[in-house]
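Keep in mind the model is a prediction, meaning the values are calculated, not measured. Sequence lines set the chain letters: A, B, ... in the order given, protein chains first and strands last, and positions in each chain run from 1.
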2 protein chains.
Amino acid sequence: MLGTQAAERLPMPAPTPAPSATSRRRAGRPTAAVLDQDGITTAALQLISRKGYDGLTMAGLARSLGVAPSALYNHVSSKDDVLVLLEDHLAAMVDVSAFGVEPWDVAVRQWAWSYRDVFSEHTPLIPIIAVLPVANAPKTLAMYEAVTAGFREAGFPEERIISAIVALEAFVFGAAYDVTAPEDIFDAGNLADQVPNFTAAVDRLALEKHERPTDVAFSLGLEALISGFGTLRG
Amino acid sequence: MLGTQAAERLPMPAPTPAPSATSRRRAGRPTAAVLDQDGITTAALQLISRKGYDGLTMAGLARSLGVAPSALYNHVSSKDDVLVLLEDHLAAMVDVSAFGVEPWDVAVRQWAWSYRDVFSEHTPLIPIIAVLPVANAPKTLAMYEAVTAGFREAGFPEERIISAIVALEAFVFGAAYDVTAPEDIFDAGNLADQVPNFTAAVDRLALEKHERPTDVAFSLGLEALISGFGTLRG
DNA sequence: CCAGTAAATGAATGCCATTCATTTATCTCC
DNA sequence: GGAGATAAATGAATGGCATTCATTTACTGG
């Protein structure tokens, strides 16, 4: 009655979501899926890149897929579930290719930098991944497998491999946040006189205008971890 | 009309919030503050310890203070502002007492463990602190000053002090998340056969039943950072 | 052709942070 | 000691959010 557009009553056909809908069909079941988890994941990524994580709402995601918000719940059980899909998708983008090919320290370096870079654009996922059972994230699990195999091949004592990976990962996550911090985060403002040592050290760092400070800190910490862990190898 | 309780119309007097209201009076200005930032902070901490961070809502916080939600906005500009108050309060609880007293490595160890323990109970604050300009958090700034002074006294090259602290902090934040992870986070479930190296390493770790795995990983990473950074001292 | 079902709709729910016009109580100044 | 200013409270209203549910649609296999 209210709307003037035609075809408003036809629910199913819905103009297939612009890009890669990928609509897989599961054998022996009703097909015609307008939506699936892959499509939701890529639409969410696009939405995030356009509007950031504040723009990632179930309503917005549904709109970008040409679908009602409630329709999403046939494919994901909650918004957190969407975040898990995103996380797992991103895990597959982390570079583990050097493990088993390059020397151990080179591989770890490459993995860690890549891991940090991927998630520094997606810090809202960190609280999710840090606590996510790996069984719910197959691509994340695959990443761990590659890294673990690399450590083992490099002669790492088996009982320390997981601990070392967990420690490296903790450092990577924290560093990912650091990337997003404002440049002037360490400007003490009017409190500067009360913290002379700190202010001096901040000023001193500012003089070295080579790399981004966040990259210097990451490199410093990562190299310490690599050389510290390197001594554990048999 | 609806309510049956007496005295409902009297707005100001409000039964002073049970515990430490601390009501400071600012000279030369109207006093009678039922609310202030200290009171809000401690009420928020109590609320969190009772109901967790999901229970920390502006409405709930106001209720626990015997006040209307809108009243809070006379003292904080947003909920994020409340989180900043919390963060700064917690920063003051981090143990920096060993800097300048104990040897450098002992002081760093004590600081880092304490820092992690404090924030592992308050991980929702990590995205806040990681990006918070220090000028808005005086107690946090004081912590940095103490740490910086300790590094300097220990002969650390000035241009690397901030980077080292940032790296340590990144590790601490990531490790704080790790503490909150479920025990079975590394259980691969039915995918276990596809990740044999990983599964083996996880099982191997499980055999060593001494400490919490999260503490083992933290110790491993922290000691690597300490020994790696230790070589920088002059 | 029929019955079943996956997948869509859209209206409704409840919670949330935040805003605003208004009121009250106190302080400062004359 | 009264006038005016102001900090600090109220409570009603707003808009956004994730999520639920009864209902409808169109495809499927028997």
Side-chain angles (χ1 to χ4, degrees), chain A residues 1-3 5 7-17 21 23-40 44 47 51-63 65-84 124, chain B residues 1-3 5 7-17 21 23-40 44 47 51-63 65-84 124:
Chain A
M1 297 291 191
L2 283 172
Q5 308 180 342
E8 269 207 337
R9 299 293 172 70
L10 308 176
M12 278 298 290
T16 95
S23 36
R24 297 165 177 261
R25 32 192 84 225
R26 292 198 272 156
R29 305 239 157 261
T31 66
V34 174
L35 246 41
D36 66 358
Q37 292 197 335
D38 275 2
I40 290 172
L47 188 54
K51 312 224 191 182
Y53 274 87
D54 284 349
L56 180 63
T57 66
M58 295 302 269
L61 185 52
R63 193 173 342 112
L65 284 160
V67 134
S70 50
L72 295 170
Y73 290 86
N74 287 317
H75 304 271
V76 296
S77 62
S78 66
K79 184 176 178 179
D80 267 14
D81 210 14
V82 175
L83 299 182
V84 169
Chain B
M1 296 293 191
L2 283 172
Q5 310 179 339
E8 268 207 336
R9 299 293 172 68
L10 308 175
M12 277 299 288
T16 94
S23 38
R24 297 165 176 262
R25 29 193 87 226
R26 293 195 274 153
R29 305 238 158 262
T31 67
V34 174
L35 247 39
D36 65 0
Q37 292 198 333
D38 274 0
I40 289 172
L47 188 52
K51 312 225 192 182
Y53 273 87
D54 284 348
L56 181 63
T57 68
M58 295 302 270
L61 185 53
R63 191 170 345 109
L65 284 160
V67 136
S70 51
L72 295 170
Y73 289 86
N74 287 319
H75 303 272
V76 295
S77 61
S78 66
K79 184 177 178 179
D80 267 15
D81 210 14
V82 174
L83 298 183
V84 169

Separation of atom [atom1] in [X] from atom [atom2] in [N], rounded to whole Å:
X: B:Arg63; N: C:dC16; atom1: CZ; atom2: C1'; value: 12 Å
X: B:Ile40; N: D:dA8; atom1: CD1; atom2: C1'; value: 11 Å
X: B:Tyr53; N: C:dC16; atom1: OH; atom2: P; value: 17 Å
X: A:Leu72; N: D:dC17; atom1: CG; atom2: P; value: 14 Å
X: B:Leu61; N: C:dC15; atom1: CG; atom2: C1'; value: 16 Å

Residue pairs involving residues 52-62 of chain A (criterion side chain to side chain donor-acceptor pair (under 3.5 Å); sequence neighbours excluded): A:Tyr53-A:His122
For B:Asn74, check side chain to side chain contact (heavy atoms under 4.5 Å, CB included) against everything at least two apart and list the hits. none
Mind checking whether [X] and [Y] have side chains closer than 4.5 Å, heavy atoms only?
X: B:Leu83; Y: B:Leu56; value: yes
X: A:Leu65; Y: A:Leu72; value: yes
X: B:Met58; Y: B:Val82; value: yes

Give the nucleotide from the list D:dA8, C:dA8, D:dT10 with an atom nearest to the side chain of B:Val67. D:dT10
Under 3.5 Å, is there any donor-acceptor pair linking the side chain of A:Asn74 to the base of C:dA6? no
Let me test you: for the helix from C:dC1-D:dG30 to C:dC30-D:dG1, what is the angle between the axes at its two ends (five pairs each), rounded to 10 degrees?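 Overall, the helix from C:dC1-D:dG30 to C:dC30-D:dG1 bends by 10° from one end axis to the other.
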Please enumerate all protein N or O atoms sitting under 3.5 Å from an N or O of nucleotides 17-20 of chain C, with distances to 0.1 Å.
from, atom 1, to, atom 2, distance (Å)
C:dA17, OP1, B:Met58, N, 3.2
C:dA17, OP1, B:Lys79, NZ, 3.2
C:dA17, OP2, B:Met58, N, 2.9
C:dT18, OP2, B:Tyr73, OH, 2.8
C:dT18, OP2, B:Lys79, N, 2.7
C:dT18, O5', B:Tyr73, OH, 3.4

Looking at B:His75, I'd like to know whether one of its side-chain N or O atoms comes within less than 4.0 Å of OP1 or OP2 on D:dA9. yes
Would you say the side-chain atoms of B:Gln37 pair up with the backbone N or O of B:His75, donor to acceptor, closer than 3.5 Å? yes
Can you sort out the partners of A:Asp81 under side-chain hydrogen bond (donor to acceptor under 3.5 Å, both in side chains), two or more places apart, ordered by chain and number? A:Ser77
Between B:Pro69 and B:Ala59, which heavy-atom pair has the shortest distance, and what is it? CG-CA, 4.1 Å
